[in-house]
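Accompanying notes for the structure given below.
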Amino acid sequence: MPSDSTSAFYEENAATYASRARSLPKQQLDAFLAGIAPGGAILELGCGGGQDSAYMLSQGFDVTPTDGSAELARQAEVLIGRQVKVMLFQELDADRAFDGVWAHASLLHVPRAGLPDVFARIHRALRTGGLLYASFKAGEAEGHDGFGRYYNYPSGGWLSELLTKDGWRNLAIEESDGGGYDGKPTRWLTVSAER
């Protein structure tokens, strides 16, 4: 995570954050899982409370959940019933190990300058034809929310240019309205791409 205030928020509020009322992004999860062979290996980056990993496990996939917060990882382990690796995105060092990478509302905390490296690490971690799903809060400039959490707030065009340059295939970016933990209306960018 990019800033002490972001890390501190998740460490100090892990129990509340993990147990909050949250709608599973089932439509996006099902669309993502449909492109992966049954039992395929999936890496979740930033698993938070573990709900998405739990769903993917229930569908028969081999899921490796990770989070940058040790406290959130502990919360997720209770729900998932398996170990959650404590790891920052910049520490990802896998080579063609996964059929899919799921990063729902997590890469949005990576500083803009660090995103090319993180996307390159994800690209390397995926097998040929492997799928990436990531979501971001849309914007035009980096900033912080009311809780002091850092966000990279990219535009769809900015993300498209970055990912196209890095060799991703079948790139699609969709925009939708929703909310977030802060309860404020949020414009979301959903990225799907193939290695």
Side-chain angles (χ1 to χ4, degrees), residues 1 24-68 72-73 76-77 80 82-138 152 154-176 188-195:
M1 287 187 210
L24 196 70
K26 195 169 178 312
Q27 185 177 344
Q28 293 96 330
L29 273 163
D30 287 342
F32 170 74
L33 296 175
I36 298 173
I42 297 172
L43 172 66
E44 182 174 10
L45 293 173
C47 72
Q51 296 91 345
D52 295 3
S53 276
Y55 179 76
M56 292 187 280
L57 286 164
S58 78
Q59 300 303 302
F61 291 90
D62 176 16
V63 182
T64 301
T66 70
D67 202 275
L72 264 181
E77 286 173 351
I80 299 170
R82 66 166 56 188
Q83 183 180 3
V84 173
K85 182 175 183 180
V86 178
M87 179 189 84
L88 299 177
F89 309 127
Q90 297 85 346
E91 296 170 334
L92 176 58
D93 191 26
D95 188 13
R96 298 176 186 259
F98 300 99
D99 301 300
V101 171
W102 178 261
H104 183 72
S106 59
L107 299 180
L108 41 65
H109 292 309
V110 177
R112 282 188 179 206
L115 268 176
D117 174 64
V118 170
F119 278 128
R121 288 172 181 275
I122 293 169
H123 196 271
R124 190 169 60 247
L126 284 167
R127 297 180 178 124
T128 301
L131 302 180
L132 165 67
Y133 168 93
S135 58
F136 297 83
K137 290 186 176 186
N152 46 38
S155 67
W158 189 88
L159 277 174
S160 178
E161 187 177 325
L162 174 64
L163 289 163
T164 302
K165 193 168 49 184
D166 285 348
W168 291 91
R169 299 181 302 135
N170 297 325
L171 174 66
I173 299 176
E174 297 178 6
E175 295 193 31
S176 62
W188 286 95
L189 299 174
T190 302
V191 175
S192 58
E194 183 181 326
R195 185 196 198 281

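These values consider heavy atoms only, across backbone and side chains, with no hydrogens, waters or symmetry-generated copies. In what follows, residues are counted from 1 in the order of the sequence shown.
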How far apart are the closest heavy atoms of [X] and [Y], and which atoms are they?
X	Y	answer
L162	P116	CD1-CG, 3.6 Å
L92	R124	O-NH2, 4.3 Å
E77	V84	OE2-N, 2.9 Å
F32	Y133	CD1-CB, 3.8 Å
P25	W102	CG-CZ2, 4.0 Å
I173	G156	CD1-O, 3.5 Å

Compare all side-chain heavy atoms of [X] with those of [Y] and state whether any distance is below 4.5 angstrom.
X	Y	result
L132	R195	no
K137	W188	yes
D99	I42	no
L107	V191	no

With a 3.5 Å distance limit and no angle check, can you tell me whether [X] reaches the backbone of [Y] through a side-chain donor-acceptor pair?
X	Y	answer
D67	A73	no
T66	E44	yes
R121	E91	no
R82	P65	no
N152	V110	yes
S135	A105	yes

* Asked: Run the side chain to side chain contact (heavy atoms under 4.5 Å, CB included) check on D166 and H123 step by step: do they pass?
  -> CA-CA 9 Å; D166 285 348; H123 196 271; 6.0 Å; no
How long is the straight-line distance from [atom2] of [Y] back to [atom1] of [X], given to the nearest 0.5 Å?
X	Y	atom1	atom2	value
T190	H104	OG1	NE2	8.0 Å
R169	L163	CZ	CG	14.0 Å
L45	M87	CG	CE	5.0 Å
F89	I122	CZ	CD1	8.0 Å
I36	Q59	CD1	CD	12.0 Å
S176	Q28	OG	CD	7.0 Å

* To do: For W158 and L115, run side chain to side chain contact (heavy atoms under 4.5 Å, CB included): C-alpha distance rounded to whole Å, both residues' side-chain angles, the deciding distance at 0.1 Å, then the answer.
  => CA-CA 11 Å; W158 189 88; L115 268 176; 3.7 Å; yes
* Other residues, nucleotides, ligands: >12 heavy atoms within 6.0 Å of E161 CD ->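 No - once you tally the heavy atoms of other residues, nucleotides and ligands closer than 6.0 Å, there are 12 at most.
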* Please test L33 against Y55 for side chain to side chain contact (heavy atoms under 4.5 Å, CB included), starting from the C-alpha separation and ending with a verdict. => CA-CA 11 Å; L33 296 175; Y55 179 76; 4.0 Å; yes
* In chain order, what residues pass the salt bridge (charged side-chain N to carboxylate O under 4.0 Å, His left out) check against D30, with sequence neighbours excluded? ->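 Checked D30 against salt bridge (charged side-chain N to carboxylate O under 4.0 Å, His left out); matches are K26.
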